[in-house]
Structure formats: C-alpha cells, structure tokens
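Working notes, beginning with the structure itself.
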Amino acid sequence: MRIREHENRYWLVNVNNDVYELHFTQFYDDEIILKFIQDKEDSENYIYVSDLLNVEHDEESAESVEDAMEQFEDMVIDYIKEKIAYYDEMLDKFQEEK
C-alpha cells in the first residue's frame, strides 16, 4: 500500500511484515532509499536501514509512524544538503588561485 506520495517519492507499506519503505525516483529507476520497522517492544522506537545514509541498523524515536516517516524524510533532506555543502566547499578549494 502506498502512502504519503509526492512527485518523486513515496512510502510503501508491506502490511504482512510491517516494513515501511521510502522509495525515490531520481532519474528513471525507482530506488528504496530507507526502510524501517516499529519496535515490537517499544511503540515509539523505530529501527531503520539505509544505503543512502550508510546506516545498517540504527534507531530513531517518534510518537507515531507518521512522525517517524517525517523524521526519516528530514534526515534524507539534511543528508543531501550536507553533501551539497561538502561538494561546494570542495569545488571552491579546487578553484582557489594562489
């Protein structure tokens, strides 16, 4: 089941095993950039993995699944902004003249 659809991203929920997948289409292919599950023992704890963020197993706290989805989207946005700043700084250094 798809939820929170945007132009180039959406969440897919696998109701059989309660896995939430954040899908993103940067160019042509749809990619899963983050997955999470809700902790069975603590309903405000969410366990996630993400190749994009280079996270194999981490945890995030949120009041609800919807809040967790929003936090994870914000994490991806912050990561992309950090990469942009990193490469802007690298470019500036590369172009410096003596």
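Small disclaimer: the values here were computed from a predicted structure and weren't measured.
Taking all atoms of both residues into account, the shortest heavy-atom contact from A62 to Y46 is O-CE1, 3.5 Å. E56 and V49 get closest at one heavy-atom pair: O-CG1, 2.5 Å.
Here the OG atom belonging to S50 is positioned 12.0 Å from the CD atom belonging to E21, to the nearest 0.5 angstrom. Rounding to the nearest 0.5 Å gives a distance of 5.5 Å between CD of E60 and CZ of F72. Expressed to the nearest 0.5 Å, how far CD of E44 lies from CG of D67 amounts to 9.5 Å. Rounding to the nearest 0.5 angstrom, the gap separating the CD1 atom in I33 from the CG atom in L53 is 7.5 Å. The distance from the CZ atom of F24 to the CZ atom of R9 is 8.5 Å, given to the nearest 0.5 Å. How far CG of D78 is from NZ of K83: 13.5 Å, rounded to the nearest 0.5 Å.
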Practice item. Please step through side chain to side chain contact (heavy atoms under 4.5 Å, CB included) for the pair I47 and H57, ending with a clear verdict. Key: CA-CA 7 Å; I47 304 160; H57 177 270; 3.2 Å; yes
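Side-chain atoms of D18 and K40, non-hydrogen and from C-beta on, do get closer than 4.5 Å to each other. Under the 4.5 Å side-chain criterion, counting only non-hydrogen atoms from C-beta, Y79 is in contact with L52. Using a 4.5 Å heavy-atom threshold, the side chains of I37 and Y20 count as separate. Annotation: side chain of E73 is in contact with side chain of W11 (closest heavy-atom distance under 4.5 Å).
In the hydrophobic clustering of ILVMFWY residues, with side-chain heavy atoms under 4.5 Å counting as a link, V19 and Y48 come out apart. The cluster map of Ile, Leu, Val, Met, Phe, Trp and Tyr, joined by side-chain heavy atoms under 4.5 Å apart, puts M69 and V55 in the same cluster. Each of I77 and I32 belongs to its own hydrophobic cluster when Ile, Leu, Val, Met, Phe, Trp and Tyr are linked at side-chain heavy-atom distances under 4.5 angstrom. Note on M75 and L12: separate hydrophobic clusters, where clusters join Ile, Leu, Val, Met, Phe, Trp and Tyr whose side-chain heavy atoms are under 4.5 Å apart, directly or indirectly.
Side-chain contact, Y10 with D30: a donor N or O sits under 3.5 Å from an acceptor N or O.
D51 CG: 12 or fewer foreign heavy atoms inside a 6.0 Å radius. By the 6.0 Å contact criterion, CG on D88 is enclosed, its count of non-hydrogen atoms from other residues, nucleotides or ligands being greater than 12. Around CG of D74, the count of heavy atoms belonging to other residues, nucleotides or ligands within 6.0 Å exceeds 12. Counting non-hydrogen atoms of other residues, nucleotides and ligands closer than 6.0 Å to CD of E63 gives a total of 12 or fewer.
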